[in-house]
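Written out below as structure tokens is the structure these notes cover.
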Amino acid sequence: MDRSRIIVTAVVLALLGAIVPIAAMVHLSWIQAVQKEHKRLQLFASRAIARADISRGDATAALLQIDQFTGIRCSADHIARMRQLTINTRSTEEMGYFENGLLKCSSWGLTEGRVAQTVPDFTTRDGIAVTARMQPVMSEGHLLMALRYKDHNVLVDPVRFVDVIVDPGVQLALTTETGILLGALNGPDPARIEKIIAGPDEGIDDDLLFATARGTGWIAVAAEPKSQILDSVRQQRLLLLPLGAFMAAFIIGMVVWLSRRRLSPLGELQIAVRKREFIVHYQPIVELRTGNCIGAEALVRWKRPNGSLVRPDLFIPLAEESGLITAITDQVIALVVFDLNRLLVADRSIHIAINLSATDVSTARVLPVIEKALQHTGIEPQQIWLEATERGFVDINSARSTVVRARELGHAVVIDDFGTGYSSLSYLEGLPLDALKIDKSFIDTISTNSATSSVTPHIIGMAKTLKLKIVAEGVETQAQADYLVEHDVEYGQGWLFARPMPAAEFIAYCRQAKAPA
Ligand SMILES: Nc1nc2c(ncn2[C@@H]2O[C@H](COP(=O)(O)O[C@H]3[C@@H](O)[C@H](n4cnc5c(=O)[nH]c(N)nc54)O[C@@H]3COP(=O)(O)O)[C@@H](O)[C@H]2O)c(=O)[nH]1
């Protein structure tokens, strides 16, 4: 992902991170307020069911007691007993006795036998036939409920069934299971109640919040307008919005931190390593006398997703500092094998020099990596040279054991950028090296009268004393090449011969630059 896409993604994520938690908390405060209100309405509805059960229980008990009366029906005793039970039973208004389907007497006294038994709407499990709405003879206009057991019935005012205390604005309704409205408080709309009891136990019907409770034989509905819970929503918001703001701040902080990390040079390099965004260019090394190509130095480049190439001196120091260099070395080794396997197998005189970091030299961890990479390729270990700068050999003891092991495996070991550090002849004597690369800064002084120009012959002399092969680095002019040949320097590398190039070009260069056998 390039920088602009990362920035756009970060901005989008930050916006989402700000909006989503706050919107979620606003929504959650509404949900929680509704849930809380549903619980409250449920409580009112359950209370109505409990009240209705008590009222029915009382009326049923009165009916069972009058059924036990063994005296003559409609006698003064019978009527007195019915009256007594009516007075003692809070929910009942009147008690009556039926004979042949007609009311013969009631708690009020004898009747004329013109009132017919009502048709029940339903019968409870304990055998009580219930008529939800009936017009009593004595109280015209006010509908009552009739409960009958065998030949006796009681009349109950339905208001007794919803005789519960509710908060202002809460409507309460009690219906039969078949939807007949038995009693109501605060004037609910019967049509809405009918619709509500046909649906789920709680919910929102247009502007009405409702909850139902179901008992045996009846259903209670408690409802109130949605506007009633606005205060509760506001309160929930006061609690939840700070949490939403905290979450938003946290997410934005994370997005900023991650994108800054991702956009930092180290973040980009880490991703490059993970995505294997490196390629290798090869700079030919030639035999100075003949111009023959004898090999190349593998020089890593970071190929960005947009195709641009980043020079190694811009990222190698960071890679060394962060420890990513070992992963990069491993990728270079794999790329060299991939790019040049056929050439190296076809021409055993060609070698490739791979740059090692100080860590690679001090730990020797790179040697098994190379060994594994060369397995089954046909490439000989002596075709892989290992280059390290003087800094790589600072820890002389561990460096020596790495060099010894590398040479045992067949690799040649080269000291790079020679002369730029503090290496001395005695220091070099302690390391079993194969070759020395004279740094470009000394080659640049050739044929000049600079103060350091006299150092170059000394380096050459020192290398010869130690019987090291010499590669002159950064050869740019024919005069430099001529000087080096004159001083018996065997190999050279530099723009005079070729610049670093992709593998295919190097293979072509090598074939063409090699003298016919
Ligand atoms: N640990 C690793 N270090 C690596 C690896 N690949 C490269 N490097 C190091 O990065 C430094 C810069 O390398 P680069 O930009 O590739 O430059 C090399 C040549 O292009 C340049 N050169 C060669 N000839 C000339 C010349 O005639 N003129 C001129 N101006 N420049 C020239 O020199 C660089 C090679 O230097 P050296 O390695 O010292 O031989 C550099 O320090 C690389 O070592 C890697 O895989 N791992």
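Since the structure is predicted, the reported quantities are computational estimates derived from the model, not experimental observations.
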Val221 and Leu172: side chain to side chain contact (heavy atoms under 4.5 Å, CB included), yes or no, with the steps?
CA-CA 6 Å; Val221 178; Leu172 198 61; over 6 Å; no
I'd like to know whether Leu343 forms a side chain to side chain contact (heavy atoms under 4.5 Å, CB included) with Phe506, so could you lay out the CA-CA distance, the side-chain angles of the two residues, the decisive distance to 0.1 Å, and finally the verdict.
CA-CA 10 Å; Leu343 175 76; Phe506 168 66; 3.7 Å; yes
With salt bridge (Lys or Arg N to Asp or Glu O under 4.0 Å) as the test, would you mind laying out the steps for Arg192 and Asp207 before giving the verdict?
CA-CA 11 Å; Arg192 293 282 284 276; Asp207 60 336; 3.2 Å; yes
Under the side chain to side chain contact (heavy atoms under 4.5 Å, CB included) criterion, do Leu102 and Arg114 qualify, and how do the steps go?
CA-CA 6 Å; Leu102 293 171; Arg114 277 188 284 113; over 6 Å; no
Take Trp302 and Ile328, measure what side chain to side chain contact (heavy atoms under 4.5 Å, CB included) needs, and give me the verdict at the end.
CA-CA 10 Å; Trp302 175 3; Ile328 294 176; over 6 Å; no
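With contacts defined as side-chain heavy-atom distances shorter than 4.5 Å, the pair Ile79/Leu110 qualifies. The closest side-chain heavy-atom distance from Leu299 to Val280 is not below 4.5 Å. Taking 4.5 Å as the limit, some side-chain heavy atom of Arg160 sits within range of a side-chain heavy atom of Arg90. Side-chain contact check for Asn153 versus Phe98: some heavy-atom pair is nearer than 4.5 Å. Two residues are said to be in side-chain contact when any heavy atoms from C-beta on lie closer than 4.5 Å; Ile370 and Leu386 meet this criterion. Looking at heavy atoms from C-beta onward, Lys104 lies out of side-chain contact with Val115 at the 4.5 angstrom threshold. For the pair Arg276 and Gln331, the minimum side-chain heavy-atom distance is below 4.5 Å. Ile352 is not listed as a side-chain neighbour of Gln383, based on a closest heavy-atom distance of 4.5 Å or more.
Residues Asp205 and Lys226 are not paired through a salt bridge, judged by the lack of any N-O separation under 4.0 Å between the basic side chain and the carboxylate. Between Arg304 and Glu268 there is a salt bridge, since at least one side-chain N of the basic residue sits less than 4.0 Å from a carboxylate O of the acidic one.
When atom types are taken as modelled, the side chain of Thr326 and the backbone of Gly323 share a donor-acceptor pair closer than 3.5 angstrom. Side chain of His411 to main chain of Pro381: a donor-acceptor pair is present (N/O by atom type, distance under 3.5 Å, no hydrogens or angles). Judged by distance alone, the side chain of Thr363 and the main-chain N or O of Arg365 form a donor-acceptor pair under 3.5 Å. Using modelled atom types, one side-chain atom of Thr176 and one backbone atom of Ile180 make a donor-acceptor pair closer than 3.5 Å. Of the possible donor and acceptor atoms, none in the side chain of Glu277 sits under 3.5 Å from a partner among the backbone N and O of Ile271. Not a single donor-acceptor pair under 3.5 Å links the side chain of Asp417 to the backbone N or O of Thr389. No side-chain donor-acceptor contact under 3.5 Å links Arg56 to the backbone of Arg51. Distance alone, capped at 3.5 Å, is enough to place a donor-acceptor pair between the Ser398 side chain and the Asp395 backbone.
Rounded to the nearest 0.5 Å, atoms CG (Leu85) and CG (Asp58) are 11.5 Å apart. Of the inter-residue distances, the one linking Ile384 atom CD1 with Ile354 atom CD1 reads 4.5 Å to the nearest 0.5 angstrom. Distance check, rounded to the nearest 0.5 Å: OG1 of Thr178 to CD of Glu194 gives 9.5 Å. The structure places CG of Leu269 at 5.5 Å from CG of Leu318, a figure rounded to the nearest 0.5 Å. The CG atom of Leu15 lies 12.0 Å from the CD1 atom of Ile251; values are rounded to the nearest 0.5 Å. Summarising the geometry, atom OG1 belonging to Thr89 is positioned 9.5 Å from atom CD belonging to Gln84; distances are rounded to the nearest 0.5 Å.
Checked against salt bridge (Lys or Arg N to Asp or Glu O under 4.0 Å), Glu505 has no partners two or more places apart in sequence or in another chain. Listed by chain and number, the residues in a side-chain contact (heavy atoms from CB on, under 4.5 Å) with Ser29 are Gln236, Arg237, Leu240 (sequence neighbours excluded).
A donor atom on one side chain and an acceptor atom on the other are found under 3.5 Å apart for Tyr282 and Asp339. Between the side chains of Gln65 and Arg81, at least one donor N or O sits under 3.5 Å from an acceptor N or O. Using a 3.5 Å distance cut-off with no hydrogens or angles, the side chains of Thr377 and Asn341 do not pair a donor with an acceptor. The closest side-chain donor-acceptor pair between Ser91 and Ser55, if any, does not fall under 3.5 angstrom.
Within a 6.0 Å sphere centred on CD1 of Ile72, other residues, nucleotides and ligands contribute 12 heavy atoms or fewer. Within a 6.0 Å sphere centred on CZ of Arg342, other residues, nucleotides and ligands contribute 12 heavy atoms or fewer. Surrounding CZ of Arg391 are at most 12 heavy atoms belonging to other residues, nucleotides or ligands under 6.0 Å away. Heavy atoms from other residues, nucleotides or ligands lying under 6.0 Å from CZ of Arg400 number more than 12.
With ring centers used as reference points, Tyr97 lies under 6.0 Å from His78. Aromatic ring centroids of Phe278 and Phe315 lie under 6.0 Å apart.
Pairing each heavy atom of Asn355 with each of Thr329, the nearest pair is O-CG2, 4.2 Å. Across all their heavy atoms, Thr402 and Asp360 have their closest contact at CG2-O, 4.3 Å. In this structure, Thr118 and Ala146 approach most closely via the heavy-atom pair OG1-CB, 4.1 Å. Nearest heavy-atom pair across Ala45 and Ala211 is CB-O, 4.0 Å. The nearest pair of heavy atoms linking Ile252 to Ala18 is CD1-CB, 3.7 Å. Ala220 and Ile49 make their closest contact through N-CD1, 3.6 Å (heavy atoms, listed as atom of the first residue, atom of the second, distance).
Checking each of Val156, Thr131, Thr124 against Leu147 for a side-chain contact (heavy atoms from CB on, under 4.5 Å) leaves exactly one that passes, namely Val156. Of the listed residues (Val170, Ile204, Val233, Ile229), just one forms a side-chain contact (heavy atoms from CB on, under 4.5 Å) with Glu37, and that residue is Ile229.
By the 30° and 60° cut-offs, the orientation of the rings of His38 relative to Phe210 is perpendicular.
Taking the ring axis of Trp218 as reference, the NZ or CZ atom of Arg214 does not stay both within 45° of it and closer than 6.0 Å to the ring centre.
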